[in-house]
Chemist: 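The structure is given below, and queries will be raised subsequently.
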Amino acid sequence: MDADVIVVGGGLAGLVAANELTQAGKRVALVDQENAANLGGQAFWSFGGLFLVNSPEQRRLGIRDSLDLAWRDWLGSADWDRLDGALPEDEWAIRWGRAYVEFAAGGKRDWLRRHGITLTPMVGWAERGAGQALGHGNSVPRFHVAWGTGTGVSEPFADRARQAAGRGLLTFHHRRRVDALVVEGGRVTGVSGSVLAADDAPRGAPSSRQVVGDFTLKAGAVVLATGGIGGNHDLVRRYWPERLGAPPTSMITGVPAYVDGRMLDIAAGAGARLVNRDRMWHYVEGVQNWKPIWPRHAIRILPGPSSMWFDALGRRLPFPALPGYDTIATLRYLRTTPDLVEHDHSWFIVSQKILEKEFALSGSEQNGDITNRRRLSLLKSRLGKGAPPEVDAFKRNGADFVVSANLEDLVGKMNALTAAPLLDPALIRRQIEDRDAQMSNPFAKDLQVMGIHNSRRSLGDRLARTATPHRILDPAAGPLIGVKLHVLTRKSLGGLQTDLAGRVLTPDGQVLEGLYAAGEASGFGGGGLHGYNALEGTFLGGCIFSGLAAGRALAGAV
């Protein structure tokens, strides 16, 4: 054998699994189609959000949380509904969901610290939900941000992999594309595929697919940690669910091109069961990156609660399609409303005051203060005057941003960004003035304004994420900014069905011996631990938790 275990995929889930194995003295072959610069995968590029329950960071901000409340929120968000029949698709997903929430409320924080991951004092309130006690959404802020953003989560494990390689326990096989699983006697015993031409492309950039040879590796077991389908728009469209209407004609991409979903069908061809492939997580607040790294490179705006959101025809979106409330409900509204289906965009209109306080951009490279752990810069950019430099750069250079001190002029500039002038400045003005009329009191009938006041009751949001309530048309709060928003592809919420040890199952519910899966390839565990909705901060955590499960199980099995 070439190793005790082959791990396919050098992202966070694969690195966590490899770390568990090498710590137990097992020999690991780490196979990845990209070069060494891409170690850490998608996690490197992330904002570093981590879902934790009843953490010291929450308690310091006066947030009262509990396992019971978090599990109620998770159940209401996941809405697992495929539990009938002899082999239900959600059978293992719901077990994984419960186990993950217990981890988030239990040993997760200490485990992170032991592995070199520390947290900023910020706790954000993501996915505030659909406005019901039992339903989608976080009842309290739970979105913790790692120092170093995504690099602060992925790099400790990349470093451990390099150290294990130095000890002779891990061998890197970069530029190796797996094309098949080796199955002998009903057991997965290795991988085979193509050797790709050497390519020194920078991290995240597209690389050559020229084949210069082939390879085969054998081991006692194989872990698939190869991610989802977000970089492959053809697959996104193939599995786009009818409940979300028609997929957009044009989308932008929130992950590198190597997130191509190839291994899912390869595993199915070897006897693995794929479930819940129609469950996806795509954002509707995407903007084109003015300094792209991968094709159609998208950045997501992480909005606070105050931006006014309009559809392509200039109508304010209805609750719960509000900034930061319900991602999938907003996507569904924009893709199923009959007169919007032909349009692939929507709009934010904000004041400079909102932009400065509430706009954050997803990505390690878009948050230099946190990524580089500059605490004083963080305090200055998040609590002081002016927008963070990366946000200001998008305002100045981004193709989707327009600025004006005058609303009618702003709408004219917004209309110039579309093939036809769809926005009526009088309609836009009337809706903003109606909203502004609600700002005179600390109470209101407008649900978004009510949400703004509720958000400011959270100390963290009041300090760093929610602007002081004001009229958007107040000249003192200006200028006005219009932002054209696109659908941004991101995550698969379904995948390879696994048991709680990470063992991949077959269509008849049996274990496919020798094959394990972790991370997005397994729907972050069980083929769909999120169900239909994510509570945010759960993607990195899902990679960690599923990689940990597979690594621990295999450490004692091979």
Chemist: Will you find, in the side chains of D81 and Y532, an N or O donor that is under 3.5 Å from an N or O acceptor?
Modeler: yes

Chemist: Going by distance alone, is a donor N or O of one side chain under 3.5 Å from an acceptor N or O of the other, for H345 and D311?
Modeler: no

Chemist: Just so I know, are the side chains of L224 and Y516 near enough to count as touching, which here means a heavy-atom distance under 4.5 Å?
Modeler: no

Chemist: Do any N or O atoms from the side chain of N138 and from the backbone of P141 form a donor-acceptor pair under 3.5 angstrom?
Modeler: no

Chemist: Are W74 and H530 close enough that some pair of their side-chain heavy atoms sits under 4.5 Å apart?
Modeler: yes

Chemist: If I take atom CG from residue L75 and atom CG from residue L134, how far apart are they, to the nearest 0.5 angstrom?
Modeler: 8.0 Å

Chemist: Any sub-3.5 Å donor-acceptor pair from R456's side-chain atoms to D461's backbone N or O?
Modeler: no

Chemist: Heavy atoms, side chains only, cut-off 4.5 Å: are V255 and R490 in contact?
Modeler: yes

Chemist: Any side-chain to backbone donor/acceptor pair from R128 onto D326? Under 3.5 Å, distance only.
Modeler: no

Chemist: Looking at F401, I'd like to know if the NZ or CZ of K484 sits under 6.0 Å from its six-membered ring centre while staying within 45 degrees of the ring's axis.
Modeler: no

Chemist: Is there a donor-acceptor contact under 3.5 Å from the side chain of E285 to the main chain of R300?
Modeler: no

Chemist: For the salt bridge (Lys or Arg N to Asp or Glu O under 4.0 Å) test, which of R95, R279, R82 pairs with D90?
Modeler: R279

Chemist: When you measure from the side chain of N276 to the backbone of G494, do you find a donor-acceptor pair of N or O atoms at a distance under 3.5 Å?
Modeler: no

Chemist: If you draw the axis of the six-membered ring of W71, does the NZ or CZ of R98 fall within 45° of it and under 6.0 Å from the ring centre?
Modeler: yes

Chemist: Which class fits the ring pair H297 and W294: parallel under 30°, tilted 30 to 60°, perpendicular over 60°?
Modeler: parallel

Chemist: Begin from the C-alpha positions of S139 and D73 and carry the test side chain to side chain donor-acceptor pair (under 3.5 Å) through to its verdict.
Modeler: CA-CA 7 Å; S139 296; D73 287 348; 2.8 Å; yes

Chemist: Mind checking whether H486 and Q288 have side chains closer than 4.5 Å, heavy atoms only?
Modeler: yes

Chemist: Mind checking whether F524 and F539 have side chains closer than 4.5 Å, heavy atoms only?
Modeler: yes

Chemist: Do the side chains of V487 and Y283 get nearer than 4.5 Å, heavy atoms only?
Modeler: no

Chemist: Give a yes-or-no answer on whether the side chains of S364 and T371 include a donor-acceptor pair shorter than 3.5 Å.
Modeler: no

Chemist: V140 and side-chain contact (heavy atoms from CB on, under 4.5 Å): which single residue from V53, D65, L61 fits?
Modeler: D65

Chemist: Look only at the side chain of W309 and the backbone of F348, and say whether a donor-acceptor pair between them is shorter than 3.5 Å.
Modeler: no

Chemist: Would you say the side chains of Q352 and K395 form a donor-acceptor pair under 3.5 Å?
Modeler: yes

Chemist: Would you kindly say whether Q366 and K291 are connected by a side-chain donor-acceptor distance under 3.5 Å?
Modeler: no

Chemist: Which residue in the set R465, E57, R60 passes side-chain contact (heavy atoms from CB on, under 4.5 Å) when paired with V123?
Modeler: E57

Chemist: Applying side-chain contact (heavy atoms from CB on, under 4.5 Å) to W147 and L119, what does each step give before you reach the verdict?
Modeler: CA-CA 5 Å; W147 278 115; L119 305 173; 5.7 Å; no

Chemist: Is it the case that R277 places NZ or CZ above or below the six-membered ring of Y239, under 6.0 angstrom from the centre and within 45 degrees of the axis?
Modeler: yes

Chemist: Under 4.5 Å between any side-chain heavy atoms of E89 and L83, yes or no?
Modeler: no

Chemist: If you draw a 6.0 Å radius around CZ in R113, do more than 12 non-hydrogen atoms from other residues or ligands fall strictly inside?
Modeler: no

Chemist: Take Q448 and R316 through the test side chain to side chain donor-acceptor pair (under 3.5 Å) and record every step on the way to the result.
Modeler: CA-CA 11 Å; Q448 183 176 10; R316 191 178 177 191; 2.8 Å; yes

Chemist: Below 30° counts as parallel, above 60° as perpendicular, anything between as tilted: where do the rings of F157 and W111 land?
Modeler: parallel

Chemist: Parallel, tilted or perpendicular, judged at 30° and 60°: which one describes the rings of W240 and H282?
Modeler: parallel

Chemist: Answer whether the closest heavy-atom distance between the side chains of L50 and V145 falls below 4.5 Å.
Modeler: no

